[in-house]
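In what follows, chains carry the letters A, B, and so on, assigned in the order in which the sequence lines appear, proteins first and then strands, with residues in each chain numbered from 1.
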Amino acid sequence: MTLERFFRRRPPQQKEGTSDDLPDLWGKCPKCNAQVYNKELEQNLRVCPTCGYHHRMPVKKRLEGLVDAGTFEQTSGKIRATDPLEFVDTEPYTARLERSRKKTGREGAVVAGRATMGGLKVMLCVMDFEFNGGSMGSVEGEEITRSMELAASEHRALILVAASGGARMQEGALSLMQMAKTTFALEELASLRLPYITVLTDPTTGGVAASFAAIGDVVIAEPDALIGFAGQRVIQQTVRQNLPEGFQRSEFYEKKGFIDAVIDRREHREHLTQLIAMLTNQPRPEVTALVIQADPPKPPRGGLFGRRG
Amino acid sequence: MTLERFFRRRPPQQKEGTSDDLPDLWGKCPKCNAQVYNKELEQNLRVCPTCGYHHRMPVKKRLEGLVDAGTFEQTSGKIRATDPLEFVDTEPYTARLERSRKKTGREGAVVAGRATMGGLKVMLCVMDFEFNGGSMGSVEGEEITRSMELAASEHRALILVAASGGARMQEGALSLMQMAKTTFALEELASLRLPYITVLTDPTTGGVAASFAAIGDVVIAEPDALIGFAGQRVIQQTVRQNLPEGFQRSEFYEKKGFIDAVIDRREHREHLTQLIAMLTNQPRPEVTALVIQADPPKPPRGGLFGRRG
Amino acid sequence: MALEFEKPITDLETRIAELKTYGVTSAVDMTEEIALLEKRLERLRLETFSTLTRWQRVQLARAAGRPTALDYIANIFTDYQELHGDRAYGEDAAIVGGLARLEGRAVIVIGQQKGRDTKENIARNFGMAHPEGFRKAMRLMDMADKFGLPLITLVDTPGAYPGIAAEERGQAWLIAQSIQKMTRLRVPVICTVIGEGGSGGALAVAVGNRVLILENAVYSTISPESCAAIIWRDAKEAEKAAEAMKLTARDLEKFNIVDQVITEPKGGAHNDPEAAMQNLKTALLEHLAQLEGLDESALIRDRAARFRKLGVFEEISA
Amino acid sequence: MALEFEKPITDLETRIAELKTYGVTSAVDMTEEIALLEKRLERLRLETFSTLTRWQRVQLARAAGRPTALDYIANIFTDYQELHGDRAYGEDAAIVGGLARLEGRAVIVIGQQKGRDTKENIARNFGMAHPEGFRKAMRLMDMADKFGLPLITLVDTPGAYPGIAAEERGQAWLIAQSIQKMTRLRVPVICTVIGEGGSGGALAVAVGNRVLILENAVYSTISPESCAAIIWRDAKEAEKAAEAMKLTARDLEKFNIVDQVITEPKGGAHNDPEAAMQNLKTALLEHLAQLEGLDESALIRDRAARFRKLGVFEEISA
Ligand SMILES: [Zn+2]
Ligand SMILES: [Zn+2]
């Protein structure tokens, strides 16, 4: 599957950004310091083979790792941000937008589209932290809302992969309103009993954490992702004490009861597919092994999908 | 209003128990040690005029303090307990039952009936702690269930005044099942948008606390009432430490978020009436002052019913 | 306590009062002078309040003497009966609510409550709710929904509380749940920003069929101070940030984020609370009358449609 | 670890095993003797287990080697995917649950989970849930309801945990809420007491269209020890209490508290877990097949009618 195919619906005037491929080199894991060959890291979905550290994942790579090969068909990218507030701080908002566009080759922080997973019809929304910190402006809210509407009308389960610093300041309260707008759009999905599953990745904070990302029928998270409403600096300034070890990380919130399961990225494909199949009471799909996966999958946390009994 | 009128539907074979009137004497408040003339205490709905201590309230006195004079019409008392388990401990269950019957003049720990409050149609269930510690057996569960059904069919709001040590051991799991049976009967009330309000009095614990008493649309409690699932002795044996001051009392649970308001008994009549009127969107009823009330009512906690604005 | 920009006005008020006293005690007739000065005062007030900067509005929205939710509740409604608790963890005094009557009509009212003095502010955490506060609000929303009672909310919070315990108990999730709960209510929902509409903590109780705002209230996705801290790395640039953020009632009206701006009396709500309350009451009654014509599913559709339109972007012509 | 009354059986088993070894090593033919002894063992087992006292059943229901909820889940279901958390306060390991398939049919399964060793027992609080455990169960029930998935619960708890924190977080309210949630589910609900059905903590997840129970499981409103402590002021009288309480599967069947008693293999579920699981699986499939014929409101009515009948009393002829 080529990347072109992945993004065949991208409007022609948009240039593709960087390839997202890692250079053909050795790198160093920021957590365990182990040397790792980038090709191997890539094949391992950017999870450190030594310690399991989850590197940030470019959107295209993530989609490749999730859906049935060649089935992703992009629906997003037909709208673009304007500057309704004429917001200027150290530079105009329009300049910031332009930089994000150049950097990512996108019009906003949300990539959405149709695909199948194990043959099941799904809709996916993946947030791109590289676009203005994954912040939620009018475009992002609209993309997500349209995806929800499309999922409902085409009877697809919806998977949303969150990565966001929160609301987009430069769009003021318009940004805030996206939290409500997207939530409204979930109702039609719910009434059709279509599953809505969210995947929280590092970081998922602010207005995104406090709206559509939090209210998946099932909420899973990647290991060690930063999650929460308030930023750690703000909290520290408020309470004037050190934050506890592991505070606001995936494992913390799993223990606090807010996340269904912390799941290794390499298991998402199988896990999400089986969840959707069960929630919609469809026969058990066989999920084809991911070609780019190099090492054998680890035993899943908190439950097994292996057939037993 | 005579007590006979209050209980005119009591089956004739039942003898009335003790009069429930306090003897014409001076008594001593167990909390503040103040001397109080019993007649005065009675007029004050058995609330200590000095410190506000709430003495236990006999069922008839409570009904008298709540409903429009002369409107109570008893519906309970047509069934009686048997001894399905043939339970014998230090004495047979039948002997225990007989003692409770003699002591209270009732067949069970629940007195139920129709009435009006400020002219609004209500159904009331009041538990009698004097009957086997207000424990819930088959008869009690059935009385409450029938009251709920009757309230639904006659379109009445339901007020339940709880006082119970919990399940009735001597009826085994049959007692436990009453927790579910009564809860099912609430559905019809809910679907008709009829309010169900519970009043927790000292003590409300065990299976009663953990079923119908807890799930009122509004849950109010008398001051300083003992409330909770597990008994304090059991908790102490489990955790082997002293229980905190005020643990499991009304005020404790108000602070912990489980009770809508702790309300002085002398305000229940007005409070409950206005609540029901608002929940059913009926015009504001004028509640006639309670004749037996001797001292001026204290300002209500947490809100006023006085007309303002 | 006058705000900085109100000083010239209050100073002049003091002078006039002094002059009046002088006139009485000295038996010199100052009537003419006083009349002139009072006209001047009137003009000064008008000038000041018709040219308020956004930052000045922020200050007004937060002014210590400004009426709080419970003040509005006590004056606009009757028979208020406060209900407490979230049935899960605790009672949060930063959010109040219960049953009340609005011109006789029973409603559920929810308010974000700031303190009226330091002591109360500490008890109410300056109007910043913890998760249990939002859960309490949700319980009241459920009650409104179950009994078919209109829901009136009064928004006034710097934001959800950014503390360790609040995050531990899932602040993000509770805000999201509260928003979702409001999208589903089968009753008329009217929300009014009466002071500060701070971010997700405000939105959590502001998903209404109508969203109203008082003239000097503000509503934003972040406080000007925090915005300034992020952009200029200096919270003191808040004035600059407030200008950029377009967070005033009139700004929000332009983007359809609010449906009506409720006029405040001259000098702001804190100068004549009764008048401000009367204005809000009139608006609430009008909107409620409109909404009571809609059935349950129409109310949900109306609310969804209201929010569906919010956002500004352009279609790319391929 | 054999229970006291199982000792004669296990002793005889040991003897037979020794004899077999002897037969092999000494080359003396013991076939006949062994056959005789094995018949004797069979008879002994039958006698013991057909005349179990109630107190012995209580001990069996609590036996250390008895299969736990997760054992049943692993063997009866496939594709089990555990989901965690209550979305409000915490994750409670005393209650487990998630999505799974029962012969291919997707269901929600909830189990009360005791530990299989001391360490796990501490982690799982001996199967005694806190409020967050019941809230977690309720969340799974909501999921079943939303997606139309049958709900299967496995009951095995000494009771809800009687601790300070549990009471502080509203144990009574959560049990009541969970019961109420179950009364409203629009899906088939089948509950099975697999070990100890302890009081309100058990009932909180046992309000089903069908309530099944394993042959040696018990279900009661209080533990025999607590009952004895109250009545005789001596927990050691538990045996006497157990007799009085009529808490065994067969007792409960008489009062229609359970709909079916699932046969356990000879010597109890712990002696042949596979067989016990197979028996339960067969029963679950049968009952599920019956219930899947009912529509949503019929399922609720069926469940309500089942519980409406429970209780024993007599009408007073006036
Ligand atoms: Zn590493
Ligand atoms: Zn006293």
Student: Looking at chain B, which one of C:Gly148, C:Ala144, C:Gly98 has the largest number of heavy-atom pairs inside 4.5 Å, strictly under?
Tutor: C:Gly148

Student: What distance do B:Leu279 atom CG and C:Ile108 atom CD1 have between them, rounded to the nearest 0.5 Å?
Tutor: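 One gets 7.0 Å once the value is rounded to the nearest 0.5 Å.
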
Student: For the atom pair CZ (C:Arg105) and CE (B:Met278), what is the distance rounded to the nearest 0.5 Å?
Tutor: 12.0 Å

Student: Does atom CD (B:Glu245) have a neighbourhood of more than 12 heavy atoms from anything else shown, all under 6.0 Å?
Tutor: no

Student: Rounded to the nearest 0.5 Å, what separation is found between the CD atom of C:Glu91 and the CD1 atom of B:Ile259?
Tutor: 11.5 Å

Student: Go through the atoms of B:Leu194 and report whether side chain, backbone, both or neither lie under 4.5 Å from a heavy atom of chain C.
Tutor: backbone

Student: Using 0.5 Å steps for rounding, measure from the CD1 atom of B:Ile215 to the CZ atom of C:Arg87.
Tutor: 11.0 Å

Student: Measuring from atom CG of C:Asp142 to atom CG of B:Asp217, what distance do you get when rounded to the nearest 0.5 angstrom?
Tutor: 10.5 Å

Student: Roughly how far apart are B:Thr280 OG1 and C:Phe147 CZ, rounded to 0.5 Å?
Tutor: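 One finds 8.5 Å between OG1 of B:Thr280 and CZ of C:Phe147.
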
Student: Using a cut-off of 6.0 Å, state whether more than 12 heavy atoms not belonging to B:Lys255 lie near its atom NZ.
Tutor: no

Student: Which atoms form the tightest heavy-atom contact between B:Ala277 and C:Arg101, and what is the distance?
Tutor: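 Heavy atoms only, the tightest pair is CB-NH2, 3.5 Å.
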
Student: Donor-acceptor pair, B:Arg193 side chain versus C:Lys146 backbone, under 3.5 Å?
Tutor: yes

Student: Quick one: does C:Asp86's side chain get under 4.5 Å of B:Phe258's, heavy atoms only?
Tutor: no

Student: Would you mind reporting whether B:Val262 and C:His84 have side-chain heavy atoms less than 4.5 Å apart?
Tutor: no

Student: Would you mind checking which part of C:Arg139 comes under 4.5 Å of any heavy atom in chain B, side chain (CB onward), backbone (N, CA, C, O), both or neither?
Tutor: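 Just the side chain, heavy atoms under 4.5 Å.
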
Student: So for C:Leu99, is it side chain, backbone, both, or neither that comes closer than 4.5 Å to the heavy atoms of chain B?
Tutor: both

Student: Any chance CG of C:Asp117 has more than 12 other-residue heavy atoms, nucleotides or ligands included, within less than 6.0 Å?
Tutor: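 Atom CG in C:Asp117 is crowded, with more than 12 foreign heavy atoms closer than 6.0 Å.
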
